[in-house]
Amino acid sequence: LDTSMSMSALDFDPDNRLDAAKKAAAEFIRKRPFDRIGLVVFGGRAITQCPLTLDHETLIDFLKQVPMNATQTDGTAVGSAIALASIRLAESEAKSKAIILLTDGRSNTGNIDPVTAALSAADLGIKIYTIGTAVPGGGLIPVDHPVLGRQLVKAAEDLDESSLQAVARATSAKYFRVTSGRRFREIYAEIDRMETTKVEISTVQNFQDRYLTFLIAGFALVIIEIFVRRILIWSVP
């Protein structure tokens with residue numbers, strides 16, 4: 001998840017790019033209860049926000065708390081984000097491994113370029129679905145002016161679609177372009193349909209025999225009946 005300052009662009013009124021991405025990602029996570037899912041955030045560098053986990057409520061809490069410029073570094077290190085996520089997935093024994101990479105810019109820093117990182121991920125059997133989130137023509141970014149207060153500044157579009165397409169192609173995956181909040185949900189729903197793995201679930205049923213309780217109760221009723229018939233009734237003149 002890209003958290004660079006350009007993700008503050010108000011493309012999905014009333015949400016900015018980051019908030020819209022977090023909402024769509026949270027919905028996706030809730031639909032995958034049997035997946036171990038983690039979260040890597042990046043700007044000028046990449047960091048693991050949450051390791052792979054089945055505790056999705058905790059993961060979603062981490063996701064909701066991701067701030068703008070979470071790494072406190074300028075730039076967009078797409079290759080570093082792919083490399084870090086790949087390292088996390090390489091430790092997994094899952095049959096299906098996938099990265100969903102979301103960014104609104106182009107890679108301009110880091111020690112590895114995105115396509116090279118993607119080729120390494122492909123060698124590990126990892127697919128990378130790429131999502132470019134930026135409305136065509138650039139977006140409005142809120143900026144605090146010392147005199148005029150908060151202003152909306154037009155930011156030029158800097159989405160490197162060709163690189164994101166190459167990353168997805170290198171791993172036999174797919175590239176998507178987001179232009180609306182609804183499109184966000186459609187994209188995650190499509191990825192959900194494409195990334196299916198058969199899951200075998202073992203169910204243990206614990207049975208406890210209760211017959212003895214009813215047997216004793218029935219026997220007690222028989223004794224009571226005999227007592228009533230043979231003793232109480234005979235004693236009445």
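Quick note: residue numbers are just sequence positions, from 1.
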Is the side chain of [X] donor-acceptor paired with the backbone N or O of [Y] at a distance under 3.5 Å, no angle test?
X	Y	result
Q151	V143	no
T3	F42	yes
K31	D192	no

Should side-chain heavy atoms under 4.5 Å link Ile, Leu, Val, Met, Phe, Trp and Tyr, which residues sit in the same cluster as I87?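 Besides I87, the hydrophobic cluster comprises nothing; the residue is isolated.
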
For a side-chain contact (heavy atoms from CB on, under 4.5 Å) check, start with the C-alpha distance between S92 and L52, then their side-chain angles and the critical distance, and finish with the verdict. CA-CA 9 Å; S92 172; L52 292 170; 4.2 Å; yes

Candidate list L102, I141, T103, test side-chain contact (heavy atoms from CB on, under 4.5 Å), partner M7, passing option: L102

Residue list, salt bridge (charged side-chain N to carboxylate O under 4.0 Å, His left out) with [X], at least two apart or on another chain:
X	answer
D144	R150
D61	none
D104	R17
E161	R177

Step-by-step side-chain contact (heavy atoms from CB on, under 4.5 Å) determination, V178 to I187: CA-CA 8 Å; V178 178; I187 289 170; 3.4 Å; yes

Evaluate the criterion side-chain contact (heavy atoms from CB on, under 4.5 Å) for residue pair L39 and V66; output intermediate values, then yes/no. CA-CA 10 Å; L39 176 61; V66 171; 3.9 Å; yes

In one Ile/Leu/Val/Met/Phe/Trp/Tyr side-chain cluster, 4.5 Å: F184, F28: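 Yes.
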
Any salt bridge between R30 and E27, counting N to O under 4.0 Å? no

Could you check if a side-chain atom of I191 sits within less than 4.5 angstrom of a side-chain atom of I100, using non-hydrogen atoms only?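 In contact.
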
Answer yes or no: is there a side-chain heavy-atom contact under 4.5 Å between T76 and S107?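 No - every pair of side-chain heavy atoms lies 4.5 Å or more apart.
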
Using atom types as modelled, flag every donor-acceptor pair under 3.5 Å from a side chain in residues 120-131 to any protein atom, sequence neighbours excluded.
from: S120; atom 1: OG; to: T116; atom 2: O; distance (Å): 3.3
from: Y129; atom 1: OH; to: E195; atom 2: OE2; distance (Å): 2.7
from: T130; atom 1: OG1; to: L164; atom 2: O; distance (Å): 3.0

What verdict does the side-chain contact (heavy atoms from CB on, under 4.5 Å) test give for V40 and I82, after you've listed the backbone C-alpha separation in whole Å, the side-chain angles of each residue and the deciding distance to 0.1 Å? CA-CA 9 Å; V40 169; I82 293 173; over 6 Å; no

Take D2 and S4, measure what side chain to side chain donor-acceptor pair (under 3.5 Å) needs, and give me the verdict at the end. CA-CA 6 Å; D2 187 351; S4 57; 2.8 Å; yes

